[in-house]
Amino acid sequence: MGLFSWMSRSKHTSSPQGGGRDAKAETIAHLKDFVASHTGCEAFIEPPTRVTQTTMVIVADTGEWTRRRVPDEAAARKLAQQLSLPAFDVNLSGYPSRMREWNEKQRKSHG
């Protein structure tokens with residue numbers, strides 16, 4: 001099984017035919033682009049819940065962030081390593097304050 005082989009079984013893929021490989025490629029490309037265009041990035045792994053799969057949030061030093069679904073914690077850690085990012089379990093570390101500050105600024109500027 002590949003890093004994102006679960007995507008081909010998911011009902012939430014980017015194409016109606018399943019498109020597991022396309023979803024994997026789009027996720028990896030998005031995260032690589034985010035890391036390449038932002039400095040000081042760190043990965044925060046969010047465990048699955050009853051309603052969501054495991055996700056990975058990448059937070060830049062500005063607090064700007066992006067979130068994508070991943071198959072599981074091991075895949076998230078592997079991907080973070082491939083992107084040369086430190087990875088944290090969000091249940092142990094929490095989210096960085098810069099992320100909350102960025103979110104607040106966005107709310108104020110769009111509200």
Side-chain angles (χ1 to χ4, degrees):
M1 250 202 212
L3 181 64
F4 283 81
S5 58
W6 62 276
M7 295 288 278
S8 62
R9 295 187 313 268
S10 172
K11 293 179 183 175
H12 304 288
T13 57
S14 59
S15 76
Q17 307 314 118
R21 287 198 170 113
D22 289 344
K24 174 187 173 182
E26 286 175 20
T27 295
I28 292 172
H30 172 79
L31 295 176
K32 280 183 178 179
D33 288 347
F34 186 87
V35 170
S37 62
H38 296 81
T39 59
C41 290
E42 298 175 316
F44 294 85
I45 301 166
E46 300 172 316
T49 67
R50 289 183 189 160
V51 295
T52 62
Q53 297 174 221
T54 302
T55 52
M56 185 164 72
V57 177
I58 297 179
V59 183
D61 60 2
T62 60
E64 188 175 352
W65 57 276
T66 189
R67 175 183 285 124
R68 289 295 183 269
R69 288 178 293 163
V70 292
D72 54 35
E73 181 182 351
R77 290 194 181 280
K78 183 176 179 182
L79 183 54
Q81 184 177 22
Q82 290 172 354
L83 296 171
S84 300
L85 300 177
F88 303 95
D89 179 332
V90 79
N91 282 340
L92 299 176
S93 67
Y95 296 99
S97 59
R98 67 185 184 274
M99 181 180 174
R100 289 186 295 276
E101 292 162 5
W102 187 85
N103 285 339
E104 187 62 28
K105 287 179 189 172
Q106 297 307 303
R107 273 186 226 117
K108 288 180 180 177
S109 69
H110 292 105

So which heavy atom on Ile58 is nearest to which on Phe34, and how close? O-CE2, 3.6 Å
pair Val57-Val90: side-chain heavy atoms closer than 4.5 Å: no
Val59-Leu83 co-clustered via ILVMFWY side chain contacts under 4.5 Å: no
Run the side-chain hydrogen bond (donor to acceptor under 3.5 Å, both in side chains) test against Trp102 and tell me which residues pass, sequence neighbours left out. none
Ignoring hydrogens, what is the shortest heavy-atom contact between Ala43 and Met56? Give both atom names and the distance. CB-SD, 3.8 Å
Ignoring hydrogens, what is the shortest heavy-atom contact between Cys41 and Pro86? Give both atom names and the distance. O-CD, 3.8 Å
With sequence neighbours left out, write down each residue that passes side-chain hydrogen bond (donor to acceptor under 3.5 Å, both in side chains) with Glu101, or none if nothing qualifies. none
Ion pair Arg100/Glu104, N-O distance below 4.0 Å: no
Taking the side chain as everything from C-beta on, heavy atoms only, tell me whether His38 gets closer than 4.5 Å to Asp61. no
Check the hydrophobic clustering (I, L, V, M, F, W, Y; side-chain heavy atoms under 4.5 Å; chains of links allowed) and say if Met99 and Leu85 are grouped together. no
side-chain contact (heavy atoms from CB on, under 4.5 Å) between Thr62 and Arg98: does it pass, once the steps are laid out? CA-CA 7 Å; Thr62 60; Arg98 67 185 184 274; over 6 Å; no
How long is the gap from CD on Glu26 to CG on Leu31, to the nearest 0.5 Å? 11.5 Å
Closest non-hydrogen atom pair, Thr27 against Arg69: CG2-O, 4.1 Å
Sequence neighbours excluded, the answer for ring pair (Phe, Tyr, Trp, His ring centres under 6.0 Å) partners of His30 is none
Would a single hydrophobic cluster contain both Trp65 and Phe88, if residues Ile, Leu, Val, Met, Phe, Trp and Tyr are joined by side-chain heavy-atom contacts under 4.5 Å? yes
side-chain hydrogen bond (donor to acceptor under 3.5 Å, both in side chains) filter on Glu46, not counting sequence neighbours, yields Thr55, Arg67, Tyr95
Sorted by chain and number, sequence neighbours left out, salt bridge (charged side-chain N to carboxylate O under 4.0 Å, His left out) with Arg68 holds for none
Side-chain H-bond candidate by donor/acceptor type, Thr54 with Asp72, under 3.5 Å: no
Got a sec, which pairs hit side-chain hydrogen bond (donor to acceptor under 3.5 Å, both in side chains) with one end in residues 83-93, sequence neighbours left out? none
